[in-house]
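In this text, all values refer to a predicted model and were calculated from it rather than measured experimentally.
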Amino acid sequence: YVERGGEGVAMGWNHRVFRKQMADGSFWFDVRETYYDESGAPNACTADDIAAGSETLLGLHDELARMGAACSKPVLEYDEATNTIREVAK
């Protein structure tokens with residue numbers, strides 16, 4: 001567990017919301033698995049959004065809860081040109 005910017009961030013991975021700007025200037029939001037370095041900064045994510053799924057109804061419930069919790073965290077963007085992840089300014 002790492003404190004970063006006054007917010008606790010679990011080491012390892014979690015779900016986060018990412019924003020992508022589309023060709024027409026609009027934005028698309030999706031949920032990705034996000035991985036963190038030892039300082040708690042996001043340093044990798046899945047290439048595409050993830051779908052909720054599980055072998056059990058309880059497992060699906062837990063997965064959806066983790067995805068929902070991502071909506072209360074700062075939104076992230078992945079920059080393909082620099083291969084970096086950053087928080088979107090509010």
Side-chain angles (χ1 to χ4, degrees):
Y1 191 78
V2 175
E3 287 294 324
R4 180 170 175 261
E7 176 184 349
V9 176
M11 291 294 295
W13 70 274
N14 65 5
H15 293 96
R16 293 293 295 269
V17 174
F18 277 74
R19 180 180 84 172
K20 180 178 182 175
Q21 188 164 13
M22 308 307 286
D24 67 0
S26 65
F27 291 100
W28 180 260
F29 294 86
D30 60 29
V31 176
R32 300 180 188 199
E33 289 179 356
T34 305
Y35 302 86
Y36 297 86
D37 64 18
E38 59 280 346
S39 71
N43 67 348
C45 64
T46 52
D48 297 308
D49 58 337
I50 57 171
S54 178
E55 294 177 350
T56 67
L57 185 56
L58 179 59
L60 178 61
H61 177 272
D62 292 345
E63 181 80 2
L64 290 169
R66 286 189 296 272
M67 289 178 152
C71 293
S72 65
K73 296 177 173 69
V75 174
L76 302 175
E77 282 185 334
Y78 172 69
D79 184 335
E80 292 181 21
T82 61
N83 195 33
T84 57
I85 297 170
R86 68 178 184 85
E87 286 186 8
V88 174
K90 294 182 180 179

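- Between Tyr78 and Glu80, the side chains place no donor N or O within less than 3.5 Å of an acceptor N or O (distance only, hydrogens not considered).
- In the hydrophobic cluster analysis, where Ile, Leu, Val, Met, Phe, Trp and Tyr join through side-chain heavy atoms closer than 4.5 angstrom, Leu64 is grouped apart from Phe18.
- At a threshold of 4.5 Å between non-hydrogen side-chain atoms, the residues Lys73 and Asn14 count as touching.
- Follow the hydrophobic side-chain contacts under 4.5 Å out from Ile50 and you reach Leu60 in the same cluster.
- Between the side chain of Arg16 and the backbone N or O of Pro74, at least one donor-acceptor pair lies under 3.5 Å.
- A continuous path of hydrophobic side-chain contacts links Phe27 to Val17 [ILVMFWY only; heavy atoms under 4.5 Å].
- Remark: Asp30 CG to His15 NE2 distance equals 11.5 Å, nearest 0.5 Å.
- Of all heavy-atom pairs spanning Asn43 and Ile85, the tightest one is C-CD1, 3.9 Å.
- Looking at heavy atoms from C-beta onward, Val31 lies out of side-chain contact with Arg66 at the 4.5 angstrom threshold.
- The two residues Trp13 and Tyr36 make their nearest non-hydrogen contact at CA-CD1, 4.2 Å.
- The nearest pair of heavy atoms linking Gly59 to Thr56 is N-OG1, 2.9 Å.
- Side-chain contact between Ser54 and Asp62 is absent, with no heavy atoms from C-beta onward closer than 4.5 Å.
- More than 12 heavy atoms of other residues, nucleotides or ligands sit less than 6.0 Å from atom CD of Gln21.
- When all heavy atoms of Arg32 and Cys45 are compared, the pair lying nearest together is NH1-SG, 3.9 Å.
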